[in-house]
Structures are given as structure tokens and as C-alpha cells.
Protein chains: 2
Amino acid sequence: MNRNSILRPDTVRSRNTTAILDAAELEFAEHGFKGTTIASIAKRAKLPPANIHYYFGSKEILYQTCVERIFDIWKGAAEAFDEIDDPVVAFSLYITRKLDISRERPSGSKIWANEIIQGAPTMHAFLAKDLYEWTNSRTALFRKWQSEGRLKPVNPNTILYMIWATTQHYADFYHQIRVLNDGKELDEAQWEEIKSDVCSIILAGVGAKSDFSAKQVQVDQTAK
Amino acid sequence: MNRNSILRPDTVRSRNTTAILDAAELEFAEHGFKGTTIASIAKRAKLPPANIHYYFGSKEILYQTCVERIFDIWKGAAEAFDEIDDPVVAFSLYITRKLDISRERPSGSKIWANEIIQGAPTMHAFLAKDLYEWTNSRTALFRKWQSEGRLKPVNPNTILYMIWATTQHYADFYHQIRVLNDGKELDEAQWEEIKSDVCSIILAGVGAKSDFSAKQVQVDQTAK
DNA sequence: ATCTTTTCTGACTACTTAATCAGTTAAACC
DNA sequence: GGTTTAACTGATTAAGTAGTCAGAAAAGAT
């Protein structure tokens, strides 16, 4: 009855499940799990309410499917650190990507925020395993950079939290930001300025250096 | 019937309203407005459900009263900028105070976050007036500092948002932070390290200088 | 001690909403 | 074109929840 949901694209099934998930993501982000009704999702997806239960057995399952979709997107941004051994480039790339996601898919970030605020009832397993491991491998990299003098000796977790907090703030608190922007949406130029300023503040803040030995060489050369 | 709620302390009324507000703050923070039931607040406050309606006419009024209490606390921290003309001291003090609040009253921050994520249905008026004016007076101060060379030329709003985002992250995302801290609560030493690291990163990031002319003098002296 | 006001609460009402299901329509296949 | 499978949906059920209210209990005043 409810199989091969994501297989062959552009069937009735795939079109409807996508429409429902898109609608659900917006509703859950804006009203939380409890505050969202099947009826409101149905209305937004332009389908009758019983149809939601036809494709997804329950509100809970629909919510979890939503959350899983968000994970996949976020994992992509995390790859910035994977192969790049230059803190300046790696941080800049990661911050830029996360700000792009905050701009393009703020709902995902909001659902995540809601989840964590409420003690991660649905995602706890993911936090304790996937995120825990990813974070530890990144902080290990930060420590390596610190031992090479390419990063200031501050707690590596704090660096990550500041980046997460700041980049996600532009999704989660966008309503507040818009009010403080005289009620106007952030335009293209403002987003570019934000990316540039956040990168500049973080890079200077954590003392990121592209290559310490290279810099030393340069200094030596200047000295000659 | 429902007057002088906060007047004479330690009456039955004041004790009960405080108990209800404390319980409501925790419940609203953890489950959002919709997700919180009068029954759960009553249970936490150890009072029968009908009692909540006796003191507060409705769930909505109780929620608004909660939100107003949070405002008062936050306003206190904002005073750090009011009289101090030294960016290093002012930023350090503000960040430290906000982190203290995140530690001591995380519920308030969570309720605020929930509100903004959902488009600030209750606080919009406050945002558009009080916060708007406060923010503008602070960014004006930042611009003054920038013109004196005591602050790097980045968008002043971005500086504020980074501070808000980071300090509130330690309240709103505490659950995630605890998981990544091997499931353990942050201890006294860790909180001190966070304060110190966040101040250090922000101050270096925005290029805050206590007094540019004083530094010049020092440099001149060294040159002699 | 009696009266008045405040505090309190069990029982009830009106409403919302997730989930079910029986039966209908549409699509796919042979 | 007939048969099977998938898609759909109106009507109903069951559970939960905000808010009401009449009257009891306690506190306070005289």
C-alpha cells in the first residue's frame, strides 16, 4: 500500500508525498509539532485531510520523515571540513554554506531548533551518535590546527557552537531580524555582507591562519 | 477578584501566582504554547487545574504574563552598554551577563526563541518598538566606536546578532550541548571557560580596542 | 461568634483534532 | 473492455483540553 515512496519520480504518489512533506515542513517550523494540525498541512498541500493519513500513517511518522529530510541537507554542508586542511578556507566555506541554507531552507533549521529546545524527543539517537561523532572528529581537527599555531587555543566546541548559533540565527530568528531591518526582507547585498562579516569576525576571532610556516617564511623573507 | 497580584508578598495569592508562573515558564519553554496544558502546569505547581484559571483568566493571559517577566530580566543585562564607553569592557560585561542568564534562567530564553521562530505572535509590538529602539541606539554607539578606530568596520547589527545567537545558544540548545559534553552537565569551570572564550573570540573578531589613542601613545613610547 | 470576602475545586460543557474505515473513483495492466 | 490495484475521501469515533460554574472551605473583619 505505502511502499516505494521515493522511487519512480513524478508518479501521483511521489508528487503528493513531496507536496505533503513540503507543506508539513513549513507548518511544523511555524507552529511546532503540537501546534500543527493535519488539517492545516492538508490545506497548504491542497489535498483533503484524509489523504495525509493515506500516505503517512500518522502525524508522528510524517514529522519524523520531515526531520530526516533536514538531516540529509545539513550533512552536505558539513563536508566543508572533510578534505580541506586550511582553517581559513574550511571555516569560510562552512559558514557560507550554512548561511545559504539558513536563507534557502529556514524551515529545516526552525524544526531542528524546536526539537532541541524541547529536549530532542525525536532526534536524541541521532544527536548521541551521528552528531557526537562528527563533532568529535571536527574538534580533533581544530586541536591539530591549534598545535600547529594556525588556530587560537580556545575550546574547539565553543568555536563550533558559535558558528552554529550564528548561522542558524539567521533562519530561526529571521522574523526578529526583519523587524530590526525596518520590516524589510534582507536583500541580496545584505546577505553577501552578512557572509563576509561573519567570516571576517570568526576568522579573526579564532585567529585562523592559512599556513603558519608559509607566513613564517614570508616574515623571514621580509626580514632579509 | 484578581487584583494586587504582586503587592504584599507571602500572602496565599502571591505564593500561588509565583508557583504557577514558575511552573508555566518551565512548561511553556519545554513544550511551547500549544504543547503545554493547563493540567501539566497545575501538576508541576502542585495545585488543582481550576486554580490556574482562578488566578489567571486564561492560558493566553498566563503566557503573556510569563513573557513579560522574561523581558524585565533581559532588560537588566542590556544596561551594560548604557554608561560604558569602552568597547572591550562593554562587550565583555554584556556577554558575561547574557551567559549568566542563559545558565540561570534558560527557560526564558527558550520561550523567547519559540516566540520568534513562530513569528512573534505575542511579542510583535515589543519587537517593533522597544527592541527596535534599543538596537538602534546600540548600533549608533558601535558606529561611533568604529569612527574612532576602536571597532572593525563591520555591520553593527551583525555584531549584536552574533552575541545574541551565541549567548542564547547556551540556553536554547543546552540539551545538544550536554549530549556533546558526554551527557554531562556543564560544570563551573566549563562555564567560566565559555565566558572567557566567547569574550576572547568576539573581542578579537570585532577588533575591539579599549582606547585607540592610548594604544598609540604606548606604541610611541615603545618606539622611543 | 458571626458575617463577609477570598480562595478553592469537582463536575461539566463545548470544542478541537488525530485517526479510522467503508465505500468510491481513477489508473494500470492484460 | 474487463480485471486488478492504487488513490482517494466523507463521515464517524475517541480522546484530549480550555474554560465555566456553583457551591464548599478557609481566612479575615467586626
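Just so it is clear: chains get the letters A, B, ... in the order the sequence lines come, proteins before strands, and each one is counted from 1.
- As a whole-Å value, the separation of Asn51(B) CG from dT7(C) P is 10 Å.
- Rounded to an integer number of Å, the gap from Leu62(A) CG to dT17(C) P is 16 Å.
- Checked against dG10(D), dT6(C), dA18(C), the side chain of Ala50(A) finds its nearest nucleotide in dG10(D).
- Here the side chains of Asn157(A) and Thr135(A) are in contact, with some heavy-atom distance below 4.5 Å.
- Aromatic rings from Trp74(A) and Phe71(A) are positioned such that their centres are separated by 6.0 Å or more.
- In this structure, the CZ atom of Phe56(B) is 16 Å from the C1' atom of dA18(D), given to the nearest Å.
- Atoms NE2 (His31(B)) and C1' (dG16(D)) sit 16 Å apart, rounded to a whole Å.
- Ranking dT20(C), dC8(C), dG19(D) by closeness to the Ser58(B) side chain, first place goes to dG19(D).
- A side-chain donor-acceptor contact under 3.5 Å links Thr17(A) to the backbone of Arg13(A).
- Proximity note for Pro48(B) (side chain, C-beta onward) versus dG19(D), dT7(C), dT9(C): the nearest is dT9(C).
- Within 4.0 Å (heavy atoms only), Ser40(B) reaches no atom of the nucleic acid at all.
- Below 30°, between 30° and 60°, or above 60°: for Phe28(A) and Tyr63(A) the angle between ring planes is above 60°, a perpendicular geometry.
- For the pair Ile41(A) CD1 and dA18(C) P, the computed distance is 8 Å after rounding to whole Å.
- The nucleotide whose nearest atom lies closest to any side-chain atom of Lys59(A) is, among dA7(D), dA19(C), dT17(C), dA19(C).
- Here the P atom of nucleotide dA14(C) and the CD1 atom of Ile38(B) are 20 Å apart, to the nearest Å.
- Here dG10(D) presents its C1' atom at 17 Å from OH of Tyr54(A), a figure rounded to the nearest Å.
- Distances were taken from every side-chain heavy atom of Lys34(B) (C-beta onward) to each of dA18(C), dT17(C), dC8(C); the shortest belongs to dT17(C).
- A distance-only check finds a donor-acceptor pair linking the side chain of Lys59(A) to the backbone of Phe33(A) [under 3.5 Å].
- Each of dT6(C), dC8(C), dG19(D) was ranked by its minimum atom distance to the side chain of Arg13(B); first place goes to dT6(C).
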